[in-house]
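By convention in this document, chain letters (A, B, ...) are assigned in the order of the sequence lines, proteins followed by strands, and residues within each chain are numbered from 1. Any value given below was found using the heavy atoms of this structure, including those in side chains, with hydrogens, waters and symmetry copies removed.
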Amino acid sequence: MLHTAPSLLASAAGDHPGFLSPSGVEIAFLLVGLATLGAAVITVTTRQLVHAALWLVVALGGLAVEYLLLTAEFIAWVQVLIYVGSIVVLLLFGLMLTRAPIGRSPDADSGNRWVALGVALASAAALAWVVVDAFRTTWIDLDGPVQGSTAVTGAFLFRNWVLPFEALSVLLLAALVGAIVLSRKRDTDTSTGTSTGTGTGTTSRPGTPGKEAQR
Amino acid sequence: MHLAYPAVLAALLFCVGLYGVLARRNAILVLMSVELMLNAVNLNLVAFDVWLRDTLHSGQALTLFTIAIAAAEIGIGLAIVLAVYRNRGTSDIDRLRDTAETDEAERLPDTAEADGAEIDGAETAPGRADGKAGKTKKAEATT
């Protein structure tokens, strides 16, 4: 892996044009990237919370198109399925369950937004400068066999990465159990804790009527 | 394709997500910004994997792992946000100052109620604080 990079770099820098004559894939990547970046900016700046989630769909879908342009087909479809299909739906459910206002909410941004803008602009300038300076003369060779098709993905995932894959399934199970435990109603587990509940109920008698009245 | 295009796009997306994490007040919007940052990292991983032509395809495998971990993270995060909303009635991040150590945080009404509920119950906190402290105490008593 390490020894192929300089040779790729040397061969790619010789027979490729510069920035002034971009190929069709580059133009498509640039346009989709601008749309993605604009959607991301609207996501973090809009004052309507539901619109933020819907603009996030545009940003994530644009990233899926970018994966397709980078010949990583399987990851593009996984992106569409998991991010656009489930995570945004989960976020919309979360907005709905926390009773987010439908219209414009004036306090969507906290008081330190100018500090945040400064930090984000500074890090964007630094990162973009470093990245452009480092990879100015490197090109991705998109020709040849497709590197991210479903066959290739299945081969490397279940041949080389099968043990981390199984560990990841255990992590997903743990996250599922954790989410259920966290979001369970507190009233349902009073039956399981009756032995301790009676002990504390006798000691903290004055708090109990208020609790029942509020319920 | 020039490698600088996906790299610069990933850097800018990461910084947009960074701005969202720092500037947003609603916890769910902060989670959306975290998703943007994770996606920027995914784009970097895919671009460098395609560039290096790795035989193990580490970048794409790590992208799949990141997507799965992001799904787990959003599930746990939303469960925590919903639990906080059920206990406190708000999901604004800068109102959750129970563990803040500054002086003005101790004078906020939310922390006073929480302290009253933790120390000696609802009967010492007067007025409006009685309801919220009792609510917190209910959550603690039925756990």
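To the nearest 0.5 Å, atom CG of residue A:Leu95 and atom CG of residue B:Asn26 are 6.5 Å apart. A distance of 6.5 Å separates CG in B:Leu36 from CG in A:Leu60, rounded to the nearest 0.5 Å. Distance CG/B:Leu38 to OH/A:Tyr83: 5.0 Å, rounded to 0.5 Å. Between the CG atom of B:Asn42 and the CD1 atom of A:Ile75 there is a distance of 8.0 Å, given to the nearest 0.5 Å. Separation of atoms CZ (A:Arg47) and CG (B:Leu29) is listed at 11.5 Å; rounding is to 0.5 Å. Here SG of B:Cys15 is found 11.5 Å from CG of A:Leu117. Values are rounded to the nearest 0.5 Å.
Residues A:Gln147 and B:Gln60 approach most closely at O-NE2, 3.3 Å, considering heavy atoms. Of all the heavy atoms in B:Ala79 and A:Leu182, the pair that sits closest is CB-CB, 3.8 Å. When all heavy atoms of A:Ile140 and B:Ala47 are compared, the pair lying nearest together is CD1-O, 4.1 Å.
Proximity to chain B involves both the backbone and the side chain of A:Leu49, based on heavy atoms less than 4.5 angstrom apart. At a 4.5 Å heavy-atom cutoff, the contact between B:Ile76 and chain A is made by backbone and side-chain atoms alike. Proximity to chain A (any heavy atom under 4.5 Å) is shown, for B:Leu56, by both the backbone and the side chain. Only the side chain of B:Asp92 comes within contact range of chain A, with at least one heavy atom under 4.5 Å from a heavy atom of that chain. Only the side chain of A:Val152 comes within less than 4.5 Å of a heavy atom in chain B; its backbone stays farther off. With a 4.5 Å cut-off on non-hydrogen atoms, A:Val25 touches chain B through its backbone and its side chain both. Interface remark: A:Ala134 contributes no atoms to any contact with chain B (heavy atom separation under 4.5 Å). Heavy atoms closer than 4.5 Å to chain A are found nowhere in B:Ala10, neither backbone nor side chain. At a 4.5 Å heavy-atom cutoff, the contact between A:Ala40 and chain B is made by backbone and side-chain atoms alike. For A:Phe93, no part lies near chain B; criterion is any non-hydrogen pair under 4.5 Å. Residue A:Asp133 does not touch chain B at all, counting heavy-atom pairs closer than 4.5 Å.
No other option in A:Ala179, A:Gly111, A:Ala59 has as many heavy-atom pairs under 4.5 Å with chain B as A:Ala179. Among A:Thr46, A:Leu157, A:Thr71, the residue making the largest number of heavy-atom pairs under 4.5 Å with chain B is A:Thr46. Of the listed residues (A:Leu171, A:Leu70, A:Thr36, A:Val78), the one with the most heavy-atom contacts under 4.5 Å to chain B is A:Leu70. The choice from A:Ala126, A:Ser169, A:Ser123, A:Ala122 that makes the most heavy-atom pairs within less than 4.5 Å of chain B is A:Ser123. Contacts with chain B were tallied for A:Leu168, A:Ile180, A:Leu172; A:Leu168 has the most, counting heavy-atom pairs under 4.5 Å. For the set B:Leu18, B:Val81, B:Leu82, B:Leu43, the entry with the most heavy-atom pairs within less than 4.5 Å of chain A is B:Leu43. Most heavy-atom pairs under 4.5 Å with chain B, from the set A:Leu176, A:Val130, A:Ile87: that is A:Ile87.
By the 4.5 Å heavy-atom criterion applied to side chains, A:Leu91 and B:Ile28 are counted as neighbours. With a 4.5 Å cut-off on side-chain heavy atoms, B:Leu64 and A:Thr153 count as touching. A:Leu97 has its side chain out of reach of B:Tyr85: every pair of non-hydrogen atoms, C-beta onward, lies at least 4.5 Å apart. Using a 4.5 Å heavy-atom cutoff, the side chains of A:Val115 and B:Leu22 are not in contact. In this structure, the side chains of A:Trp161 and B:Ser58 come closer than 4.5 Å at one or more pairs of heavy atoms. Counting heavy atoms from C-beta outward, B:Val8 and A:Trp129 have side chains that stay 4.5 Å or more apart. Side chains of B:Thr55 and A:Asn160 form no contact here, defined as non-hydrogen atoms less than 4.5 Å apart. Side-chain atoms of B:Met1 and A:Trp139, non-hydrogen and from C-beta on, never get closer than 4.5 Å to each other.
Checking side-chain atoms of A:Ser110 against main-chain N and O of B:Ala23 turns up a donor-acceptor pair under 3.5 Å. The closest donor-acceptor contact from the side chain of B:His2 to the backbone of A:Arg136 lies under 3.5 Å. Formation of a donor-acceptor pair under 3.5 Å by the B:Trp51 side chain with backbone atoms of A:Asp141 is not found in this model. One N or O on the side chain of B:Arg24 and one on the backbone of A:Val44 form a donor-acceptor pair closer than 3.5 Å.
One side chain, A:Gln79 or B:Asn39, offers a donor N or O that lies under 3.5 Å from an acceptor on the other.
Salt bridge absent: B:Arg25 and A:Asp109 never bring a charged side-chain N and a carboxylate O closer than 4.0 Å.
The residue from A:Thr45, A:Leu121, A:Val119 that alone fulfils the side-chain contact (heavy atoms from CB on, under 4.5 Å) condition with B:Tyr19 is A:Thr45.
At most 12 non-hydrogen atoms from other residues, nucleotides or ligands lie less than 6.0 angstrom from CZ of A:Phe165.
Note: A:Phe135 and B:Phe48 meet the aromatic proximity criterion, with ring centroids under 6.0 Å apart.
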